[in-house]
Visitor: 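This is the structure, below, for whatever I ask next.
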Amino acid sequence: MDRMHKFRVECETRPGESLAVTGSSAELGSWSKPGLILLQQTEHNSNIWEKEVELSTSESHQYRYCVVVVLHPTRFIVRRWETHLHPRIVRGTESDDVFGKCDGIVCVQRGWLTEEMVVQFKLRDTGLNIWKRKFAGHRFWMKLTPVDQELA
């Protein structure tokens, strides 16, 4: 027997980002990126996202939310995802959640490291300037070392 379950989550997103849910069951995408289920904003520019999904009552459903950028209906870049030790569990007919917060603890990480790698450079103030004319049009190679911002 199946029943409808409403996933409802509060999450602040940036322009171009959407919210999705994935989970342990086939109905929730079996933890796979192509199986992500996109949620819809309740109103334009709202922080509330929701979607009703038909779930089997014969199995337990674990799930997590993620913030994605949709490239194509089946291609996503995962920007942030919930990383609690234990996934959320579907209980009842509606989930009313806050993204990343579970049992009062916030656990969110960037990307989906088993599927993709995104390298992001943030150059502050003036960025990178090459000011000598003799270097115009030349290629440069850089060695980059990650820096913990808290220690910098």
Side-chain angles (χ1 to χ4, degrees), residues 1-128 141-152:
M1 189 168 143
D2 294 341
R3 71 172 189 282
M4 295 303 288
H5 183 85
K6 182 187 277 189
F7 292 93
R8 182 178 168 88
V9 61
E10 180 181 341
C11 180
E12 190 173 322
T13 57
R14 296 182 186 115
E17 293 180 335
S18 299
L19 232 339
V21 65
T22 185
S24 58
S25 62
E27 296 100 330
L28 294 177
S30 302
W31 300 119
S32 72
K33 198 162 69 165
L36 290 174
I37 299 169
L38 289 174
L39 281 64
Q40 287 91 31
Q41 284 180 302
T42 55
E43 297 174 20
H44 183 65
N45 290 330
S46 168
N47 287 341
I48 306 297
W49 297 76
E50 62 184 26
K51 173 86 175 188
E52 277 196 297
V53 179
E54 191 171 340
L55 299 176
S56 167
T57 56
S58 64
E59 65 180 299
S60 176
H61 302 275
Q62 297 178 327
Y63 67 99
R64 295 182 193 271
Y65 295 108
C66 55
V67 176
V68 301
V69 173
V70 180
L71 301 176
H72 185 269
T74 57
R75 285 217 41 200
F76 309 96
I77 294 175
V78 178
R79 289 265 175 98
R80 298 181 302 282
W81 63 294
E82 298 183 317
T83 57
H84 298 91
L85 181 60
H86 302 288
R88 299 174 187 268
I89 298 173
V90 169
R91 293 186 173 92
T93 58
E94 188 169 323
S95 301
D96 199 5
D97 302 312
V98 175
F99 178 73
K101 189 173 187 178
C102 195
D103 297 328
I105 299 170
V106 175
C107 285
V108 175
Q109 287 187 0
R110 294 171 130 181
W112 195 287
L113 298 179
T114 60
E115 301 266 337
E116 66 189 38
M117 180 171 291
V118 175
V119 178
Q120 183 177 42
F121 297 98
K122 290 188 179 181
L123 302 172
R124 298 179 184 214
D125 300 325
T126 60
L128 181 64
W141 286 265
M142 291 185 227
K143 178 181 178 185
L144 302 175
T145 305
V147 176
D148 186 349
Q149 279 190 318
E150 292 180 14
L151 301 175

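Position 1 is the first residue of the sequence; numbering continues from there.
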Visitor: When rounded to the nearest 0.5 angstrom, what distance separates OG in Ser58 from CG in Asp2?
Guide: 7.5 Å
Visitor: Can you tell me how far apart NE2 (His84) and CG (Asp103) are? Round to the nearest 0.5 Å.
Guide: 7.5 Å
Visitor: Heavy-atom distance under 4.5 Å between the side chains of Thr13 and Trp49, does that happen here?
Guide: yes
Visitor: Which value, rounded to the nearest 0.5 Å, describes the distance between Glu52 atom CD and Gln40 atom CD?
Guide: 10.5 Å
Visitor: Atom CD1 of Ile89 and atom OG of Ser24: how far apart are they, to the nearest 0.5 Å?
Guide: 9.0 Å
Visitor: Answer yes or no: does atom CZ of Arg3 have more than 12 heavy-atom neighbours from other residues, nucleotides or ligands under 6.0 Å?
Guide: yes
Visitor: Is there side-chain contact between Val21 and Leu39, with at least one heavy-atom pair below 4.5 Å?
Guide: yes
Visitor: Looking only at non-hydrogen atoms, find the nearest pair between Arg88 and Gly100 and report the distance.
Guide: NH2-N, 3.9 Å
Visitor: Would you mind reporting whether Glu27 and His61 have side-chain heavy atoms less than 4.5 Å apart?
Guide: yes
Visitor: Go through it in stages, so that I can follow the logic: the residues are Phe99 and Leu19, the test is side-chain contact (heavy atoms from CB on, under 4.5 Å), and I'd like the CA-CA distance, side-chain angles, deciding distance and then a yes or no.
Guide: CA-CA 9 Å; Phe99 178 73; Leu19 232 339; 4.2 Å; yes
Visitor: May I ask you to test the Tyr65-Thr22 pair for a side-chain heavy-atom distance under 4.5 Å?
Guide: no
Visitor: I'd like to check Val98 versus Val106 (side-chain heavy atoms, cut-off strictly below 4.5 Å). Are they in contact?
Guide: no
Visitor: Quick check for you: to the nearest 0.5 Å, what is the distance between Thr83 atom OG1 and Arg64 atom CZ?
Guide: 7.0 Å
Visitor: Do Gln41 and Ile48 touch side chain to side chain, with heavy atoms closer than 4.5 Å?
Guide: no
Visitor: With side chains defined as the heavy atoms from C-beta onward, is the minimum distance between Glu50 and Val9 less than 4.5 Å?
Guide: no
Visitor: Walk me through whether Leu38 and Phe76 qualify under side-chain contact (heavy atoms from CB on, under 4.5 Å).
Guide: CA-CA 10 Å; Leu38 289 174; Phe76 309 96; 3.9 Å; yes
Visitor: Start with the C-alpha gap between Tyr63 and Ser95, add the side-chain angles, then the distance that decides, and say whether side-chain hydrogen bond (donor to acceptor under 3.5 Å, both in side chains) holds.
Guide: CA-CA 11 Å; Tyr63 67 99; Ser95 301; 3.1 Å; yes
Visitor: Less than 4.0 Å between a side-chain N and a carboxylate O, is that true for Asp97 and Arg8?
Guide: no
Visitor: List the atom of Ser18, the atom of Val70, and the distance in Å for their closest heavy-atom pair.
Guide: OG-CG2, 4.3 Å
Visitor: Please evaluate residues Ile77 and Val68 with respect to the criterion side-chain contact (heavy atoms from CB on, under 4.5 Å), reporting the C-alpha separation (whole Å), side-chain torsions for both, the decisive distance (0.1 Å), and the verdict.
Guide: CA-CA 5 Å; Ile77 294 175; Val68 301; over 6 Å; no
Visitor: So, does Glu82 use its side chain to make a donor-acceptor pair with the main chain of Val108 at under 3.5 Å?
Guide: no
Visitor: Between Glu17 and Arg80, does any side-chain N to carboxylate O distance fall below 4.0 Å?
Guide: yes
Visitor: Could you walk me through whether Val67 and Cys11 satisfy the side-chain contact (heavy atoms from CB on, under 4.5 Å) test, starting with their C-alpha distance in whole Å, then the side-chain angles of each, then the deciding distance to 0.1 Å, before giving a yes or no?
Guide: CA-CA 9 Å; Val67 176; Cys11 180; 3.9 Å; yes
Visitor: Report yes if the distance between the aromatic ring centroids of His5 and Phe7 is under 6.0 Å, otherwise no.
Guide: yes
